[in-house]
Engineer: 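I'd like to ask you about the structure that follows.
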Amino acid sequence: MNIPLHISQIHESRFNQKPLIVRSPGRINLIGEHTDYNNGFVLPAATDKAIYITLSASTDATCHWFAADFSDEFTTTLDVLQPSPKNWPNYLLGIVEQFQKMGHSIPAFNCVVSGDVPAGGGMSSSAALECATGWGLAHLFNIPLDKLTLTRMAQRSENEFVGLQCGIMDMFASAFGKHNEVIRLDCRSLDYEYFPLDLADYQIVLFDTGVKHSLASSEYNTRRQECEAGVALLQTLESDIHSLRDVSEEMLLTHQRKFDPLIFVRCLYVVQENERLLAACEDLKRGDLETFGQRMYGSHNGLRDMYEVSCKELDYLVSFTTTEKSVLGARMMGGGFGGCTINIIKADAVDDLFERIQKAYKIAMGLDLKMYKVSIEDGTSILSV
Ligand code: GLA
């Protein structure tokens, strides 16, 4: 189905107006997990799976919003913004609130939302929706906005309105994505560099566990606190420590005995993951995909054993691939406790591997496995006016 065409037709028939159409993609992250909120590095990219929103100014001072994928309507005014139990409108309301905080009052608007980013798969459909909404409203109401401000708004909206203390990776990847390039983002300075991802005859494939364990968001916030506790201790021992980005493995080991063992191992994971990512970028520059793949396994092991954000379903899928010759690397992707694994697999072996891993996963976990082949595409854009 042509999603943008489909929702613009819905928009025209519901509101009798020709809309602005915005696309903002879901993201993958090749390596560098739980590093963004520690001011570290990440290596995400925008994908062909995206959220689309149609927008036009309302004619009756009330917002009429429609989520086409679950036929759900939402109406509101924009004077007093309150989180909705429906959940999906909160991603739009949070962005409106950010515009208001920046001194821009947003007139009532109509919209239709749809997309093919798998929900709960850890590809950040929420960041995509926030970026699409912010970019679209800025264009619709002639508000000057650059993409860096857009990503900061989207992150604050998620932190303040939705209530998730996420980092900036997801929004940044959605907004700044570029066809066939991954983004090495320094989350401290927000400097970024594009790297061409030449996979030759390999393909990026996500395996979706089909689970999202309920402790995902509480454990996410706990991990943040554990990292902050580590930084607070190091600040009493060393000068110029603002985040785990300023910490080396050597420094951690020097002070190991002063640490609570759990806090120590969390911090060690983050410091090692940053190092791993920088080394992985060197692999990419050399075209050494094999070593890059091994670092993906290293990242998974750290997330499983040290940071403890994996789960048995993710571990099963990663471990299955370790004896497959066609797989260069695999690891859990995103916050953890469910969602997808990301894999680099020889393109002509993908379907055969999927058939076998799907059967094995069903027997081992009693769950249906889904697969998404993803390509790397451009970030947030206006499709037509
Ligand atoms: C979630 C968050 C991101 C990032 C990842 C883990 O996707 O939204 O900001 O912290 O988890 O790398």
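Start at 1 and go down the list; that is how both ligands and their atoms are numbered. Just so it is clear, the model here is predicted, and its values are computed rather than measured.
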Engineer: Taking the six-membered ring for Trp, are His64 and Phe15 parallel (under 30°), tilted (30 to 60°) or perpendicular (over 60°)?
Structural biologist: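 Aromatic pair His64/Phe15 classed tilted.
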Engineer: Test of understanding: with side-chain hydrogen bond (donor to acceptor under 3.5 Å, both in side chains), list the residues that count as partners of Glu355, not counting sequence neighbours.
Structural biologist: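 Testing Glu355 for side-chain hydrogen bond (donor to acceptor under 3.5 Å, both in side chains), a comparison that skips the adjacent residues, returns none.
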Engineer: Pair up each side-chain donor or acceptor in residues 335-344 with any protein partner under 3.5 Å, not counting sequence neighbours, and list the distances.
Structural biologist:
unit_1, atom_1, unit_2, atom_2, d
Thr341, OG1, Asn343, ND2, 3.1
Asn343, ND2, Val205, O, 3.1
Asn343, ND2, Thr341, O, 3.4

Engineer: Counting C-beta onward and ignoring hydrogens, is there a side-chain heavy-atom pair between Glu377 and Arg23 closer than 4.5 Å?
Structural biologist: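 Of all side-chain heavy-atom pairs linking Arg23 with Glu377, at least one is under 4.5 Å.
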Engineer: Taking salt bridge (charged side-chain N to carboxylate O under 4.0 Å, His left out) as the definition, give me every residue that meets it alongside Glu160, ordered by chain and number, with sequence neighbours left out.
Structural biologist: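 If we apply the salt bridge (charged side-chain N to carboxylate O under 4.0 Å, His left out) test to Glu160, skipping adjacent residues, the hits are Lys101.
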Engineer: Is the positively charged end of Arg184 above the ring of Tyr194, judged by distance under 6.0 angstrom from the centroid and angle within 45° of the axis?
Structural biologist: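 No cation-pi geometry.
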Engineer: For ligand 1, what is the set of protein residues having any non-hydrogen atom at a distance below 4.0 Å?
Structural biologist: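 Around ligand 1, where the cutoff is 4.0 Å for heavy atoms, the contacting residues are Arg27, Glu33, His34, Asp36, Tyr37, Cys166, Gly167, Met169, Asp170, Tyr220, Gly334, Gly335.
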